[in-house]
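The structure appears below as structure tokens.
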Amino acid sequence: MTIRVIIVDDQAMVRAGFAALLSAQADIDVVGEAPDGRQGVQVSRTVHPDVVLMDVRMPEMDGLTAARELLDPPPGVVHRPKVLMLTTFDIDDYVYEALRAGASGFLLKDAPPADLIAAVRVVASGEALLAPSVTRRLIADFVRQRPAPRKDPALRLKGLTPRETEVLELIARGLSNQEIAGHLVLAEQTVKTHIGRVLAKLDLRDRAQAVIFAYEAGLVRPGDSD
């Protein structure tokens, strides 16, 4: 199955370079590009990509605003692509807000070409881009510095079973599915089933949002030991 991608960045050379790299892959097809967030939203709603590579800082409409429009569309708009944020900074408040909005992760613009290709494939498959331990570290730093809890997150935890709560805590502590399976003495497929139920019950898009939620709900706290 071919992964349909659009590239949204205000630098023409960046768009051209990424497009050339990705188009050379047999399983990736670049179906559009745009120089700002507003046009990026328009292109996405026209060509329906699987993944949107979205720059954070752009004129007209920044990447965060555009990501929110794509991931929380108005009534009547059904298509919701995966959004991968592109940034020149590894610590950027916009990145955290994008993760809250439902972006699947972020990638540094100066990452090696192989990382960009792998990132598109990972995000297209429905996974968060960042390794769980890296996601946890970055989000823990953000929650520590600028807490912005969701509405009654602790109350929403009550909708989970004890096992689902345990799985969510282990996700937030940075364990992979295989490590969670070993820790709980479960089959890995069973862990995946639990994770799917956690995301559905809490209305979360992916693993990155689950980590954010766990911190904001107080299930885990910055500095907790693994």
Side-chain angles (χ1 to χ4, degrees), residues 1-87 94-109 111 113-130 135 192 195-196 198-210 212:
M1 178 178 174
T2 302
I3 302 168
R4 295 165 56 83
V5 177
I6 68 170
I7 302 166
V8 185
D9 193 291
D10 61 339
Q11 298 181 51
M13 289 187 66
V14 170
R15 296 197 307 272
F18 284 179
L21 176 66
L22 294 173
S23 295
Q25 310 307 308
D27 60 337
I28 299 175
D29 187 11
V30 177
V31 296
E33 60 177 67
D36 62 65
R38 191 178 309 281
Q39 292 185 52
V41 171
Q42 294 172 350
V43 172
S44 178
R45 289 181 178 160
T46 300
V47 303
H48 294 175
D50 300 303
V51 177
V52 176
L53 294 180
M54 181 79 74
D55 189 20
V56 171
R57 302 177 185 276
M58 292 180 289
E60 295 296 327
M61 178 186 286
D62 64 55
L64 174 59
T65 304
R68 284 176 174 153
E69 290 207 8
L70 290 175
L71 297 169
D72 188 18
V77 177
V78 177
H79 179 254
R80 296 188 188 189
K82 304 293 184 182
V83 176
L84 175 59
M85 304 303 295
L86 300 169
T87 179
Y94 281 99
V95 168
Y96 297 104
E97 294 303 325
L99 291 173
R100 291 180 192 278
S104 296
F106 72 91
L107 184 73
L108 296 178
K109 283 188 177 181
D115 286 3
L116 173 64
I117 296 167
V120 168
R121 290 171 176 153
V122 167
V123 169
S125 73
E127 294 293 324
L129 169 64
L130 299 174
T135 307
K192 291 180 180 179
I195 292 174
V198 168
L199 297 181
K201 286 184 177 181
L202 298 178
D203 193 25
L204 302 174
R205 183 169 294 271
D206 58 25
R207 204 181 194 99
Q209 280 201 315
I212 292 174

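- Taking both residues in full, the closest heavy atoms of G40 and V8 are given as CA-CG2, 3.8 Å, listed atom of the first, atom of the second, then distance.
- Between A103 and L71 the shortest heavy-atom distance is N-CD1, 3.4 Å.
- In terms of the salt bridge (Lys or Arg N to Asp or Glu O under 4.0 Å) criterion, residue partners of R68 (sequence neighbours excluded) are, by chain and number, E97.
- With values rounded to the nearest 0.5 angstrom, S44 atom OG is found 10.0 Å from R4 atom CZ.
- Evaluation of the salt bridge (Lys or Arg N to Asp or Glu O under 4.0 Å) rule for E33 yields R15 as partners, not counting sequence neighbours.
- Side-chain contact between L22 and I117 is present, with at least one heavy-atom pair separated by less than 4.5 Å.
- Among residues two or more places apart in sequence or in another chain, the side chain to side chain contact (heavy atoms under 4.5 Å, CB included) test is passed with V43 by I6, A34, V47.
- Under the 4.5 Å side-chain criterion, counting only non-hydrogen atoms from C-beta, L53 is not in contact with D9.
- Looking at heavy atoms from C-beta onward, D55 lies in side-chain contact with K109 at the 4.5 angstrom threshold.
- Summarising the geometry of P49 relative to P81, their closest heavy-atom pair is O-CB, 3.5 Å, with the distance given to 0.1 Å.
- K192 meets the salt bridge (Lys or Arg N to Asp or Glu O under 4.0 Å) test with no other residue; sequence neighbours excluded.
- Nearest heavy-atom pair, E69 versus V41, reported as atom, atom and distance to 0.1 Å: OE1-CG1, 3.9 Å.
- Evaluation of the side chain to side chain contact (heavy atoms under 4.5 Å, CB included) rule for A16 yields no partner, not counting sequence neighbours.
- You'll find the side chain of M54 reaches within 4.5 Å of the side chain of L70, heavy atoms only.
- Listed by first then second residue, pairs satisfying ring pair (Phe, Tyr, Trp, His ring centres under 6.0 Å) with a partner in residues 49-73 number zero, not counting sequence neighbours.
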Before giving the answer on side-chain contact (heavy atoms from CB on, under 4.5 Å), spell out for V56 and L64 the whole-Å C-alpha distance, their side-chain angles and the decisive distance to 0.1 Å. CA-CA 6 Å; V56 171; L64 174 59; 6.0 Å; no
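- Summarising the geometry of I7 relative to A19, their closest heavy-atom pair is CD1-N, 3.4 Å, with the distance given to 0.1 Å.
- Qualifying side chain to side chain donor-acceptor pair (under 3.5 Å) partners for D36, counting only residues two or more places apart in sequence or in other chains: Q39.
- The shortest distance between side-chain heavy atoms of M58 and P35 does not fall below 4.5 Å.
- To the nearest 0.5 angstrom, I28 atom CD1 is 8.5 Å from S23 atom OG.
- In this structure, the salt bridge (Lys or Arg N to Asp or Glu O under 4.0 Å) partners of D27, at least two apart in sequence or on a different chain, are R121.
- Within the structure, every pair that satisfies the ring pair (Phe, Tyr, Trp, His ring centres under 6.0 Å) test and touches residues 4-54, not counting sequence neighbours, is listed here: H48-H79.
- Evaluation of the side chain to side chain contact (heavy atoms under 4.5 Å, CB included) rule for L199 yields I195, L204, A210 as partners, not counting sequence neighbours.
- Note that CG of L108 and CE of M85 are 12.5 Å apart. Values are rounded to the nearest 0.5 Å.
- Within the structure, salt bridge (charged side-chain N to carboxylate O under 4.0 Å, His left out) contacts touching residues 44-54 (residues at least two apart or in different chains) do not occur.
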